[in-house]
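Here's the structure, in structure tokens; my notes come after.
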Amino acid sequence: DEVKSLRAVVNPDISKIRNIGIMAHIDAGKTTTTERMLYFSGYTRALGDVDDGDTVTDYMAQERERGITIQSAAVTFDWKDHRINLIDTPGTRVSTQCCIQCRARDTQCKSLELMDKPAASNQLLLPMKRFVLDIWYYFQIPIGSGKSFTGLVDLITRQKITWQGSSLAYDGRAFETSALQPSDDPDVLQAVSEARATLIEQVADLDDDFAELLLGQYSENFDAVPAGKLQEALRKVTLARKGVPVLCGTSLKNKGVQPLMDAITAYLPAPNERNHDLVRWYKDDLCALAFKVVHDKQRGPLVFVRIYSGSMKAQSAVYNINRNGTERMSRLLLPFADQHIEIPSLSAGNIALTVGLKQTVTGDTIVSSKASAAAAVRRAQKEAETKSSSQRESSSLALAGVEVPEPVFFCSIEPPTLAKQADLEHALNCLQREDPSLKVRTDLDSGQTILCGMGELHIEVIHDRIKREFNIETHLGPLQVAYRETILQSATATDTLDRTLGDKRHVVTVELAVHALMESSTSCDVTFEEEVKTQLSAGVREAVENGVQSAYLQGPVLGFPVEGVKTVIQHVSLESGTSAAMVSACVSRCMLKALKLAGGQVLEPVMALEVTVGEEYLSPVLADLALNQLPFQVLCWVFL
């Protein structure tokens, strides 16, 4: 079959666009589902397989070798006159849901995959519904389960969809759609009747208009409500984020993917159906969010942007609100994993790839010009005056960026020779722009470069990428856990620094107190007593704060950063001519004394874990938790 060209859907109407992300736990079938979507929509000639390392979105060498998704990838394709912009994301070990979440601006469509697995059933999710905020409602029920799973029934239209093929060569393109007949399996007919009644009741509880329709025209028989009316109400409930549709299928066996894409286009919102309060102040001017950066050897940094308003054009200048600077964008591309199609412009609602934005990083807000940003601020302030809106909201018209957790592992990294040090620094700078969770710092004592990441695999992949992409053979030191330190009690310390440098004498005396904050606090504060604050100049106060912050970086026990500490500056006196550096040094030394007197304690990284198990596995799980001396608390039992 002929493969479609991306140019066929370069600039569709905004009402035909769907932006989705596939998220689930590891090995749930995210990339497999993406691969099937591309195949059934006509953008690939053959089905790729994660185990064979030939999928479209897992294009990195490390991904294909390990059979996992390491970094998110964007692809664009069309399905029945709609454009779908899809983000395939890496798996997470902390998800407890066995479903794929297709999230479009916080609206979700869950697809219960793995129906080919033993004992797979829609009933698997029923006990968990009580413990999540979402109200899940089923659009479909499966026909068979495990190896006998052959199709599904659409509860809205009462149509039966079956896939007859079961051989390895069967690609799932051909399937049969037929209306349910009285001669069909009585168990299936009974299950459909009960499930459809439950679906209608759920929607009526969430949509008053639909409830009035039922009580008025269809009060004698709720099941007689037309499919169109039910579908309309379901979309309304989904867009209002009152409920989450659930579908079933198995991407690995090529069953159920086409109805999933139909549901995405039918029930998830178009970009113009989700309006940001902040974006409306830009009106028709450009407002976009940079959500990912990748590095290309030939073209430099490539920035993924989501356009919220206005349009973006190649060979144009844009203003970065976060960096307070103007950059020129040389080219505009349409992303398809690691392949890109050059386009002249792109309108609101789309995802684009830009070339030439050298200063932009993940989370930055891009607008057409500084004047456009200023005009938006004026509109926001005017509205704040008339509606008493939040002044803080109107003063900063930047879109919400990405919250990146602190690294939990670190190790040293060294180049093979000093001549390669500059090349290594360039490589690390490029990788940090791509990956905000990667942190690089220099150890103050040893001068070594320290690589900080989210885990052993994370750092291992970074090490491998430096070797493959930048041709630098680096040496990693032993992997260490990024502990934190805190104090157990309050303490007060005084220190005096008296030093002569050249013909100048520097004398400063500092008295301060440290206090332990609440257990849940991870911040560190510094305050001045009111009398001290009025006596010190702004330059001296800044030097004192720098000294305190410097002391927070190295705790008294093992030298790890300190958290959960409040420092109060009680007294500072210095002779004329004492430099700011000497003030900071004295404060840091006094802080170390106080932290030691307060009794330091090492804090280990912790994680909240929720375990959902069958009753027969309860005892082994509790025994395993106890054996590993893990503190746990039983909040509720969920037996599947």
Side-chain angles (χ1 to χ4, degrees), residues 22 24-30 32-33 35-37 40 47 50 95-102 109-130 132 136-181 183-199 202 244-263 612-617 638-640:
I22 301 187
H25 61 75
I26 291 173
D27 290 335
K30 300 177 296 301
T32 301
T33 300
E35 196 68 25
R36 271 52 180 174
M37 287 183 174
F40 293 135
L47 286 168
V50 173
S95 172
T96 60
Q97 301 177 4
C98 53
C99 57
I100 291 180
Q101 302 178 356
C102 302
C109 173
K110 295 185 186 291
S111 172
L112 178 59
E113 295 294 319
L114 309 175
M115 288 303 300
D116 57 312
K117 299 299 182 183
S121 168
N122 277 21
Q123 301 301 315
L124 179 64
L125 291 180
L126 288 175
M128 288 192 281
K129 290 171 64 177
R130 296 159 45 203
V132 293
W136 299 356
Y137 45 86
Y138 298 105
F139 280 17
Q140 307 163 344
I141 62 170
I143 301 175
S145 63
K147 293 183 178 180
S148 63
F149 174 71
T150 58
L152 52 90
V153 177
D154 188 321
L155 298 178
I156 301 172
T157 62
R158 297 190 187 91
Q159 287 188 320
K160 181 170 61 174
I161 305 173
T162 55
W163 287 262
Q164 298 300 331
S166 59
S167 65
L168 294 177
Y170 179 67
D171 65 359
R173 278 189 187 275
F175 56 89
E176 296 180 2
T177 302
S178 60
L180 282 177
Q181 302 297 330
S183 58
D184 286 329
D185 185 345
D187 292 337
V188 173
L189 294 176
Q190 179 68 21
V192 170
S193 177
E194 294 176 357
R196 195 172 194 270
T198 300
L199 175 63
Q202 284 181 308
V244 180
V246 180
L247 298 88
C248 58
T250 164
S251 296
L252 186 63
K253 302 298 183 181
N254 309 318
K255 299 174 183 178
V257 178
Q258 296 96 325
L260 172 61
M261 291 193 284
D262 289 339
T612 305
V613 298
E615 186 173 5
E616 66 273 22
Y617 301 113
V638 182
F639 297 132
L640 301 183

Ignoring hydrogens and angles, tell me if any N or O in the side chain of Glu35 forms a donor-acceptor pair with the backbone of Val50 under 3.5 Å. no
Compare all side-chain heavy atoms of Pro259 with those of Asp154 and state whether any distance is below 4.5 angstrom. no
Checking Ser251 against Thr32: is there a side-chain donor and acceptor pair closer than 3.5 Å? no
Going from CG on Leu155 to OG1 on Thr157, what distance comes out if it is rounded to the nearest 0.5 angstrom? 8.5 Å
For Pro142 and Cys248, which heavy atoms make the closest approach, and how far apart are they? N-SG, 3.9 Å
Quick one: does Tyr138's side chain get under 4.5 Å of Val246's, heavy atoms only? yes
Do the non-hydrogen side-chain atoms of Val192 and Lys160 ever get within less than 4.5 Å of each other? no
Between Gln202 and Trp136 (side chain of the first, backbone of the second, donor and acceptor by atom type, cut-off under 3.5 Å), is there such a pair? yes
Side chains of Thr33 and Lys30: closer than 4.5 Å at any heavy-atom pair? no
Those residues at least two apart in sequence (or on a different chain) that pass ring-ring contact (aromatic ring centres under 6.0 Å, His included) with Phe40 are none
Taking the side chain as every heavy atom from C-beta outward, state whether Leu47 and Arg36 have any pair of such atoms under 4.5 Å apart. yes
Taking atom CG of Leu247 and atom CG of Asp262, what is their separation to the nearest 0.5 Å? 9.5 Å
With rounding to the nearest 0.5 angstrom, report the NZ to CZ distance, Lys255 to Phe149. 7.0 Å
Treating Gln159 as the side-chain partner and Thr177 as the backbone partner, does any N or O pair qualify as donor plus acceptor under 3.5 Å? no
Flag side-chain contact, heavy atom, 4.5 Å: Trp163 against Leu152: yes
Please report the interatomic distance OG1(Thr162) to CD(Glu176), rounded to the nearest 0.5 Å. 4.5 Å
Heavy-atom donor-acceptor pair, Thr198 side chain to Glu194 backbone, under 3.5 Å: yes
